There are 2 protein chains.
Amino acid sequence: MNKVNSCPLNFTMNLIGTKWKPLILFHLLEGSLRSGKLQKKIPEISNKMFTQTVRDLEKDGLISRKVFPVVPPKVKYSLTNKGKSLEDILRSLDKWGSENYLD
Amino acid sequence: MNKVNSCPLNFTMNLIGTKWKPLILFHLLEGSLRSGKLQKKIPEISNKMFTQTVRDLEKDGLISRKVFPVVPPKVKYSLTNKGKSLEDILRSLDKWGSENYLD
DNA sequence: ACAATAACTTACCATAATGTAATATAGTTA
DNA sequence: TAACTATATTACATTATGGTAAGTTATTGT
């Protein structure tokens, strides 16, 4: 996508304005989670989109990924400080949704 | 798109989580604007996407569209109360963008 | 009569986002 | 030795989003 940012808002939307990103960040607000548990918080997401989305978020420095060298694999995701700085926004978006769900 | 909402946040993102919607809403925060003026605030948007997006926003009750029966046409867009209720969120998103632009 | 105007609308095409299903990995347990 | 595990990857298909360029409208100014 040709990501032009005519204003800061646009920059933000290009970073988190997708179907799954805010949802994943939101579920990590309560603390770090193993990959499987995080994914189960979002039943509708496919395996592929989950991996793809957390990779994107990691690339953009919003979450961190810690791999434990065990078998079967163990991976934990958590918010970075940058990710945490979105907390108010994520909660506001969620709140707005709950207030406007019925319309 | 199959819009499933496992949490309110998802509902919100399905409503405004696109490339242009937040931008248009944002520029209407300062008051109503004629179609052409609004579009010029967002130089990168194509004619088609502009119309398509304002129609979507109108359908979802976030903006209102007033047509003046004159020639050449005159159309004004403004935020509805529902749209105005996004003000804090829009400004927060914009603020976050300006604070994280450089990274 | 004819171009200029503002706000669309349409047809057509390209790219990005998302989905499904199958497969890989390699120790642990049966 | 074969199934089980949690995590991830790959190939392939579909749907959503975005873009370009041309056409439409009806009155006003020339």
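Everything quoted here is computed from the prediction, not taken from an experiment. In what follows, every heavy atom counts, from backbone to side chain, and hydrogens, waters and symmetry copies are set aside. Reminder, nothing fancy here: chain letters follow the sequence lines and each chain counts from 1.
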Do you know which of Asp88(A), Leu9(A), Thr12(A) makes side-chain contact (heavy atoms from CB on, under 4.5 Å) with Trp96(B)? Thr12(A)
More 5' along DNA chain C: Thr18(A) or Pro72(A), using each one's nearest nucleotide? Thr18(A)
Angle between the end axes of the helix from dA1(C)-dT30(D) to dA30(C)-dT1(D), five pairs per end, to the nearest 10 degrees? 20°
What residues, two or more places apart in sequence or in another chain, satisfy side-chain hydrogen bond (donor to acceptor under 3.5 Å, both in side chains) together with Thr80(A)? none
Rounded to whole Å, CD1 of Ile42(B) lies from P of dG18(D) at a distance of 12 Å
Taking atom P of dT20(D) as reference, at what distance in whole Å does atom CD1 of Ile45(B) sit? 12 Å
Could you state the atom-to-atom distance from CD of Gln39(B) to C1' of dG19(D) in whole Å? 13 Å
Do any N or O atoms from the side chain of Lys82(A) and from the backbone of Asp60(A) form a donor-acceptor pair under 3.5 angstrom? yes
note: Lys66(B), atom NZ; dC8(C), atom P; distance rounded to Å ~ 15 Å
With sequence neighbours excluded, what pairs up with Lys84(A) under the side chain to side chain contact (heavy atoms under 4.5 Å, CB included) test? Leu79(A), Asn81(A)
Under 3.5 Å, which donor-acceptor pairs link side chains of residues 47-59 of chain B to any protein atom two or more places apart or in another chain?
| residue | atom | partner | partner atom | Å |
| --- | --- | --- | --- | --- |
| Thr51(B) | OG1 | Asn47(B) | O | 3.3 |
| Thr53(B) | OG1 | Met49(B) | O | 2.5 |

What does Gln52(B) touch in the nucleic acid at a heavy-atom separation under 4.0 angstrom: a base, only the sugar-phosphate, or nothing? nothing
Nucleotide N/O to protein N/O under 3.5 Å, stretch nucleotides 7-11 of chain D:
| residue | atom | partner | partner atom | Å |
| --- | --- | --- | --- | --- |
| dT7(D) | OP1 | Arg34(A) | NE | 3.2 |
| dT7(D) | OP1 | Arg34(A) | NH2 | 3.3 |
| dT7(D) | OP2 | Gly36(A) | N | 2.7 |
| dA8(D) | OP1 | Arg65(A) | NE | 3.0 |
| dA8(D) | OP1 | Arg65(A) | NH2 | 2.6 |
| dA8(D) | OP1 | Tyr77(A) | OH | 3.1 |
| dA8(D) | OP2 | Ser35(A) | OG | 3.0 |
| dA8(D) | OP2 | Tyr77(A) | OH | 3.2 |
| dA8(D) | N7 | Asn47(A) | OD1 | 3.0 |
| dT9(D) | OP1 | Arg55(A) | NH1 | 2.9 |
| dT9(D) | OP2 | Arg55(A) | NH1 | 2.8 |
| dT9(D) | O4 | Asn47(A) | OD1 | 3.0 |

Can you list the residues that meet the side chain to side chain contact (heavy atoms under 4.5 Å, CB included) rule with Ser92(A), with sequence neighbours excluded? Ile89(B)
Roughly how many Å is it from CG in Asn14(A) to C1' in dA16(C), rounded to a whole number? 13 Å
The remaining residues in the hydrophobic cluster of Val70(B), counting side-chain heavy-atom contacts under 4.5 Å among Ile, Leu, Val, Met, Phe, Trp and Tyr, are Phe68(B)
Mind jotting down which residue pairs meet the salt bridge (charged side-chain N to carboxylate O under 4.0 Å, His left out) criterion with at least one end in residues 24-35 of chain A? Sequence neighbours excluded, please. Glu30(A)-Arg91(A)
Measure CH2/Trp20(B) against P/dG18(D) and give the value in whole Å, please. 8 Å
Between Met49(B) (CE) and dA16(C) (P), how many Å, whole number? 14 Å
Between dC8(C) (C1') and Phe68(B) (CZ): distance, integer Å: 17 Å
Would you please name every residue forming a side-chain hydrogen bond (donor to acceptor under 3.5 Å, both in side chains) with Ser98(A), sequence neighbours left out? none
